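Please read the structure below before turning to the comments.
Note that the coordinates shown come from a computational prediction; the quantities given were computed from them, not determined experimentally.
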Amino acid sequence: MSEALEKQLREDRALRNAARALFEADIAHLRASLAGRSISSRIVDRIGEGASEVLDEAIEVADNNKGVIATLLAAIVLWFARQPILDMFLSREDNGEENPGDSEPPERNRDRAR
């Protein structure tokens, strides 16, 4: 072999050995990290961190948009209270009809007239 090829081979081996040492150090670090905690505790920690970040973001958005939040809450309350509110208005309209004391539907009134 020529001297240039031998030099290139030594450099390549040195690079290979350095890469292997780096890889083995990463594997050792990963094993040490995994040995410290169980997988379930890692999952719980990661979910907890994600939930706390979402909560912090929601609080920040709510602080910046108090008017929008108040309007949204009012709309939700009105939505759930829509039937009693409609009943209140419709009962007032029913009292203003021509026969306020007549609570029977018009079909029954026709049957009585016959």
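Looking at heavy atoms from C-beta onward, L73 lies in side-chain contact with I69 at the 4.5 angstrom threshold. A 4.5 Å side-chain heavy-atom check between E60 and D56 finds every atom pair outside the cut-off. Counting only heavy atoms from C-beta outward, the side chains of D26 and L30 never approach each other to under 4.5 Å.
Considering OG of S41 and CZ of R46, their distance stands at 11.0 Å, rounded to 0.5 Å. E24 CD to L22 CG: the interatomic distance, rounded to the nearest 0.5 Å, is 10.0 Å. Once rounded to the nearest 0.5 Å, the distance linking OG of S52 with CD1 of I47 reads 12.0 Å. Between the OG1 atom in T71 and the CG atom in N65 there is a gap of 10.5 Å [rounded to 0.5 Å]. With rounding to the nearest 0.5 angstrom, the CD atom of E11 is 10.0 Å from the CG atom of L9. Here CD of E6 is found 6.0 Å from CZ of R10. Values are rounded to the nearest 0.5 Å.
The closest donor-acceptor contact from the side chain of R82 to the backbone of W79 lies under 3.5 Å.
One hydrophobic cluster, built from ILVMFWY side chains closer than 4.5 Å, holds both F89 and L78. Taking hydrophobic clusters as Ile, Leu, Val, Met, Phe, Trp and Tyr residues chained together by side-chain heavy-atom distances below 4.5 Å, M88 does not share a cluster with F80.
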Fill in: Residue pair E3, K7: steps toward the salt bridge (charged side-chain N to carboxylate O under 4.0 Å, His left out) verdict
CA-CA 6 Å; E3 195 170 311; K7 181 180 178 187; over 6 Å; no
